[in-house]
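Here is how names work: the chains are called A, B, and so on, in the same order as the sequence lines, proteins then strands, and each is numbered from 1.
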Amino acid sequence: MDEKYFAKKIEDKWQTKWRESGAFEVEETDAKPKFYQLEMLPYPSGNLHMGHVRNYSVGDALAWYKRLKGFNVLHPIGWDSFGQPAEDAAIKRGVNPREWTEENIEHMRGQLQRLGLGYDWRREMAAHRPDYYKFDQWFFLKMYEMGLAYKKRTQVNWCEHDQAVLSNEQASGGLCWRCGNPVTKKDLEQWFLKTTAYADQLLDDMAEIEAGWAEKVLKRQRDWIGRSEGAFVDFKVAQTDEKIRVFTTRIDTIYGANAIVVAAEHRIVEHHFARFSDETKAVIEKIRAEKLKVTDHEAEIEKEGVDTGLKAINPFSGEELPVWIGNYVMIEYGTGAVMSVPAHDERDFEFAKKYGLPIRQVISEPQLAHEHSQMQVLELEQAFTDYGVLVHSDYWNGKPSEGAKKEMTEYAVKHGFGEAATTYRLRDWGISRQRFWGSPIPIVYCEKCGVVPEKYENLPVLLPDDVAITGTGESPLARVPEFVNANCPDCGEPARRETDTMDTFVDSCWYYFRYLDNQNPELPFAPERAAYWTPVDQYIGGDDHAVMHLIYTRFWTKAMRDIGLVKFDEPVKRLLTQGMVIGETFFDVIPNEDDPESKGKRVYYPPANVTVERDAKGKIVSARSADGKELQTAVERMSKSKGNGVDPDEMVEIYGADAARIFVLFAAPVENELVWNEAGIEGAVRFLQRVWRFVHKWVVSERWSAVGGRPEPSEFSAEARKLRQKTHQTIRRIEESFESLQFNTPVAALMELSNALYDFRVEPEAATDADVYAVREAVESLVLMLAPFAPHAAEELYAQLAGNENGMLANEARFPEYRAELAKADEIEIPVQVNGKLRARVLASPDASNEDLERLALADAKVAEHTSGKQIAKVIVVPKRLVNIVVK
RNA sequence: GCUUGGGUGGCGGAAUAGGUAGACGCACAGGACUUAAAAUCCUGUGUCCUUCGGGGCGUGCGGGUUCGAUUCCCGCCCUAAGCACCA
């Protein structure tokens with residue numbers, strides 16, 4: 001055994017041994033309980049970043065822990081390898097996207113292996129390979145049969161910069177999620193998956209996973225689905241036979257309606273457009289144009305509208321109401337029309353104030369209801385949006401408004417002008433992309449037969465390999481005649497193939513099921529495989545996927561259940577969302593000049609080329625580039641383009657994979673952001689070296705192997721008993737940490753145990769049998785518990801302790817056994833307070849009675865100083881914890 | 001604006017069925033070893049006062065409950081993230 005720890009030497013060795021022995025390869029077995037440990041798969045951009053290192057270090061630690069605890073642990077990895085960067089590389093550099101992707105995977109697989117991550121590599125999948133995307137297409141056909149996949153012409157979110165269609169999620173805030181440029185609208189025929197069919201299940205099944213998912217993720221999903229219960233109410237348009245249907249959650253306020261407000265795109269506007277005045281038309285055009293623009297998050301949008309001159313009849317009161325067009329009514333939500341009740345809705349209030357529309361209160365605080373019902377006009381300072389008691393509402397006067405909702409809805413139903421309704425914010429998922437690098441949608445358009453799904457036996461619809469990709473306009477596939485020209489699967493006549501490909505979020509919906517059975521040529525996976533391994537026990541990834549990926553995959557699971565592939569509703573039992581890894585960035589902003597393309601853009605400088613001045617607290621005072629330019633600074637997500645990325649390979653080279661992994665876990669709790677700062681990593685190296693040196697000192701001594709058998713309890717010195725106590729307390733603490741998904745505290749606990757070994761100042765030569773036994777117990781436990789954090793060092797030390805390399809931690813070791821009787825101290829220190837202030841500490845047996853503790857405390861000299869001359873009013877004794885003496 | 005987290009040393013962070021605040025690490029300072037440096041080991045490190053025995057203050061701010069509050073309650077301030085006209 002080397003006297004010093006050399007990461008490089010042992011890491012290569014154990015990585016090879018693990019690979020050759022298939023240490024992390026698992027099969028289904030009833031001999032052990034299963035555990036499916038999953039981390040979000042990487043996009044093969046070419047390089048791992050620190051976020052990956054963090055994510056996968058956490059996952060591997062947990063996989064190791066569960067393995068040590070006797071579970072049959074499945075821990076796979078794969079590649080989310082369809083997507084835009086490959087296509088961008090093809091456009092910019094003329095490379096073949098498949099080759100580019102394969103090369104990146106090759107390199108990144110090496111990076112993962114050099115980190116010593118324990119994956120079952122036989123199960124690897126990659127989305128861009130035909131044996132995978134074949135089943136994207138298989139699922140599409142199933143969903144088509146089930147009516148879950150359909151085509152419609154719609155306005156889609158369109159990013160001009162990326163020449164791509166975006167989902168609502170990807171275009172949220174009016175900016176492209178990828179490039180940050182404004183999103184516009186465009187009319188296109190698109191394929192959709194009917195996520196709304198499962199809207200209620202997506203909400204209600206959250207009860208099944210509540211315990212294992214962070215509330216903030218569930219909340220975002222709940223908001224995203226946005227179910228709201230209310231009613232549709234039809235308002236007749238006077239002097240026509242038309243109706244305007246509105247959606248409201250507050251039908252109880254209907255007597256307070258002062259207008260009907262519709263979106264500029266509403267059917268009724270279209271219908272009467274020709275008869276509107278030029279002024280009205282101008283307002284409508286303006287509102288429509290504004291909607292195509294970017295929504296600026298900061299600025300509150302000024303309410304705008306115009307009276308159409310049309311009148312609608314309130315079906316409850318018979319009152320005639322003006323029909324307005326308002327920019328605050330959205331065509332996409334509800335019916336695109338609302339009844340405006342300014343007294344009880346803030347938006348309507350604002351609108352009514354601006355245009356001088358009447359504001360009539362019809363809901364009142366219960367205690368004021370009588371008074372209000374006597375008054376004709378009620379001036380309101382602001383909208384009253386709470387429930388209360390109805391006033392000025394005919395028959396309904398005096399009724400509590402919350403209960404009246406149900407009755408009034410029933411009334412509307414009975415009289416044929418309304419119905420109960422539930423609406424959702426969630427929209428169906430548009431999956432068509434005018435892109436090359438994705439799964440082709442398996443549909444053929446035949447002149448005779450129409451839209452025809454490809455036959456299962458013809459899957460996969462293969463992506464051609466040799467295509468010039470220019471990045472302009474329609475799908476590159478449309479320009480490949482060999483691809484486009486197909487025969488109709490039904491009639492066999494020449495037909496045209498769909499040239500859109502699927503959103504890459506389709507791939508990540510079910511990839512973790514493919515790991516279970518990645519060679520299956522017939523099915524995405526065999527149901528019996530899924531029955532053994534899934535649901536996933538623990539999923540780990542960034543919370544940036546809280547709504548997109550994690551909603552889509554829940555939707556997909558429900559569809560798979562209905563197809564008959566799985567028997568559960570929810571695919572992931574526990575979800576851990578890790579914080580981002582961020583770092584300081586330095587940049588210069590291009591001033592507003594003629595070129596609109598680059599105006600306001602940031603030009604990043606790598607930190608290595610920046611001279612930074614800091615104040616005493618480490619805050620940056622100024623930063624200058626090499627050529628003397630004053631730079632701005634920020635703390636942002638680490639990435640190559642911002643120049644603040646850290647290369648994992650470099651870290652492994654300098655410090656070793658084990659130290660890098662320990663550091664990334666130790667530096668901050670997983671959920672927190674991790675501000676990258678290399679200073680601390682040396683501490684991780686030092687810790688490993690300390691453990692190493694200690695083990696070395698004892699292993700090479702003659703006493704180490706000369707002693708066997710467990711000594712009698714009486715043979716242990718007080719110090720040795722203390723060491724054993726620390727050992728068993730540490731075992732307990734580390735178990736608890738893992739169970740509660742903490743990774744920084746168990747590292748601290750291991751460091752403490754290692755410090756306790758150094759504090760045990762008995763040299764091997766002078767050690768009694770009992771001393772050697774206590775040290776051995778501590779060291780063996782330490783090494784086993786080190787495995788999840790620093791597996792290479794742990795394997796090497798384990799072999800050193802055994803004196804041979806016949807066994808491996810990876811497949812034979814068990815977590816050390818916690819023994820409560822040893823964790824218990826002989827003597828404990830009890831703090832003694834006088835009037836809540838700490839004044840002394842007394843030593844006592846852990847079994848001491850309250851009376852004993854009180855007597856000990858009062859007998860203490862320091863305590864006496866603070867109590868002398870005063871009257872003892874009360875003594876509080878908390879068993880095993882503290883004594884507090886209250887004096888007057 | 002709404003919602004949800006979070007404010008603890010120079011820094012990352014420990015500790016909450018209410019019970020020794022600051023574990024562990026980083027950084028810093030002093031010492032040992034060395035011709036010297038690195039590495040290592042030892043000591044110190046919230047803050048103020050001190051006759052060196054100790055003592056006062058201290059977990060964003062102000063109140064409250066309690067023998068005792070970082071922890072519970074009320075009211076503020078700051079901050080991060082998410083949502084943003086969803087009727």
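When the side-chain nitrogen and oxygen atoms of Tyr333(A) are compared with OP1 and OP2 of A87(B), one or more of them lie within a distance under 4.0 Å. Using a 4.0 Å cut-off, some side-chain N or O of Arg425(A) falls inside it from OP1 or OP2 of A84(B). For G6(B), neither phosphate oxygen OP1 nor OP2 lies less than 4.0 angstrom from any side-chain nitrogen or oxygen of Asn672(A). For A87(B), one of the phosphate oxygens OP1 or OP2 lies less than 4.0 angstrom from a side-chain nitrogen or oxygen of Ser228(A). Look at Arg220(A) and you won't find any side-chain N or O under 4.0 angstrom from OP1 or OP2 of U3(B). The phosphate of C67(B) (OP1 or OP2) has a side-chain N or O of Lys874(A) nearer than 4.0 angstrom.
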For this session: Going 5' to 3' through nucleotides 16-23 of chain B, assign each nucleotide B (protein heavy atom under 4.0 Å from a base atom), S (under 4.0 Å only from sugar-phosphate atoms) or - (no protein heavy atom that close).
Result: ---BB--B

Exercise. Which nucleotides of nucleotides 28-34 of chain B have their base under 4.0 Å from a protein heavy atom (B), which only their sugar-phosphate (S), and which neither (-), written as one string 5' to 3'?
Worked result: -------

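At least one side-chain heavy atom of Arg732(A) sits under 4.5 Å from a side-chain heavy atom of Glu735(A). You'll find the side chain of Thr385(A) stays beyond 4.5 Å of the side chain of His344(A), heavy atoms only. Considering only heavy atoms from C-beta on, Val664(A) stays 4.5 Å or farther from Met651(A) through its side chain.
Across the strands present, G44(B) finds its partner in C28(B); the criterion is a Watson-Crick or G-U wobble pair with both atom distances under 3.5 angstrom. Partner assigned to A39(B) is none, using Watson-Crick or G-U wobble distances below 3.5 angstrom. With both pairing distances under 3.5 Å, G13(B) is matched to nothing as a Watson-Crick or G-U wobble pair. Base pairing analysis places U8(B) opposite nothing; no Watson-Crick or G-U wobble pair with both distances below 3.5 Å involves it. With both pairing distances under 3.5 Å, C76(B) is matched to G60(B) as a Watson-Crick or G-U wobble pair. G53(B) is unpaired under the Watson-Crick or G-U wobble criterion, no partner having all donor-acceptor distances under 3.5 Å. Under the Watson-Crick or G-U wobble criterion, with both distances below 3.5 Å, C83(B) is paired with G1(B). The base-pairing partner of G68(B), taking Watson-Crick or G-U wobble contacts with both distances under 3.5 Å, does not exist among the strands shown.
When heavy atoms are screened at a 4.0 angstrom cut-off, Val338(A) is found touching base atoms of the nucleic acid. The residue Gly683(A) sits close only to the backbone: its heavy atoms come under 4.0 Å of sugar-phosphate atoms, none of a base. If you check every strand for non-hydrogen atoms under 4.0 Å, Asn755(A) touches sugar and phosphate atoms only. Residue Val747(A) is out of contact with every strand shown, counting any heavy-atom pair closer than 4.0 Å. Among the heavy atoms of the strands lying under 4.0 Å from Met751(A) are primed sugar atoms or P, OP1, OP2 only; no base atom is included. Using a 4.0 Å heavy-atom criterion, one finds that Arg222(A) contacts no nucleic acid atom at all. Using a 4.0 Å heavy-atom criterion, one finds that His344(A) contacts no nucleic acid atom at all. Within the nucleic acid shown, Arg227(A) has no heavy atom closer than 4.0 Å to any nucleic acid atom.
Ring planes of Phe351(A) and Trp324(A): perpendicular class, angle over 60° (limits at 30 and 60°). Ring geometry for Tyr552(A) versus Trp429(A): interplanar angle under 30°, hence parallel rather than tilted (30 to 60°).
Between Lys219(A) atom NZ and A81(B) atom P the separation is 16 Å, expressed in whole Å. Atoms CZ (Arg686(A)) and C1' (C24(B)) sit 13 Å apart, rounded to a whole Å. Rounded to a whole Å, the CD atom of Gln578(A) is 17 Å from the P atom of A81(B). Put simply, CD on Glu350(A) is 14 Å from P on G1(B), counting in whole angstrom units. Rounded to an integer number of Å, the gap from Phe6(A) CZ to A39(B) P is 15 Å. Between the NE2 atom of His545(A) and the P atom of G82(B) there is a distance of 14 Å, rounded to whole Å. Whole-Å rounding puts the Gln689(A) CD to A39(B) P distance at 10 Å. Taking atom CG of residue Asn835(A) and atom C1' of nucleotide A69(B), one finds them 16 Å apart after rounding to whole Å.
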For this session: Check the pair Phe738(A), Met785(A) against side-chain contact (heavy atoms from CB on, under 4.5 Å), reporting the backbone distance first and the verdict last.
Result: CA-CA 11 Å; Phe738(A) 274 115; Met785(A) 295 188 291; over 6 Å; no

Exercise. What do the steps show when you test Arg54(A) against Leu674(A) for side-chain contact (heavy atoms from CB on, under 4.5 Å), and what is the final call?
Worked result: CA-CA 9 Å; Arg54(A) 190 182 202 190; Leu674(A) 173 55; 3.6 Å; yes

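Comparing U40(B) with U47(B), their C1' atoms sit 33 Å apart, to the nearest whole Å. As rounded to the nearest Å, A80(B) and G18(B) have P atoms that lie 32 Å from one another. Rounded to the nearest Å, the gap between the C1' atom of C2(B) and that of G12(B) is 32 Å. Across G82(B) and U71(B), the matching P atoms stand 29 Å from one another, rounded to whole Å. Annotation: A36(B) and G31(B) have their P atoms spaced 13 Å apart (nearest Å). Distance noted for atom P between G46(B) and U79(B): 30 Å (whole Å). G25(B) sits 14 Å from U45(B) when the C1' atoms are compared, rounded to a whole Å. Going from the P atom of C26(B) to that of A21(B) covers 26 Å, rounded to whole Å.
For Lys354(A) and Glu304(A), the salt-bridge test fails: no basic side-chain N is under 4.0 Å from an acidic carboxylate O. Residues Asp2(A) and Lys4(A) are not paired through a salt bridge, judged by the lack of any N-O separation under 4.0 Å between the basic side chain and the carboxylate. With respect to Arg222(A) and Glu215(A), a salt bridge is recorded, a charged nitrogen being found less than 4.0 Å from a carboxylate O. Contact check on Asp852(A) versus Arg855(A) returns a salt bridge, with a Lys/Arg side-chain nitrogen under 4.0 Å from an Asp/Glu carboxylate oxygen.
Between Arg690(A) and Lys837(A), the residue anchored nearer the 5' end of RNA chain B, judged by the nucleotide with its closest heavy atom, is Arg690(A). Between Tyr424(A) and Ala749(A), the residue anchored nearer the 5' end of RNA chain B, judged by the nucleotide with its closest heavy atom, is Ala749(A).
Judged by distance alone, with hydrogens and angles left aside, the side-chain atoms of Arg227(A) form no donor-acceptor pair with the main-chain N or O of Thr422(A) at under 3.5 Å. In this structure, the side chain of Asn258(A) engages the main chain of Pro358(A) through a donor-acceptor pair within 3.5 Å.
Classification of G22(B) as anti follows from a glycosidic angle more than 90° from 0. Classified by its glycosidic torsion, G18(B) falls in the anti category, the angle being over 90° from 0.
Tyr328(A) and Asp348(A) share a donor-acceptor pair across their side chains, judged by distance under 3.5 Å alone.
In this structure, of C42(B), A84(B), C85(B), it is C85(B) that holds the atom nearest to the side chain of Met330(A).
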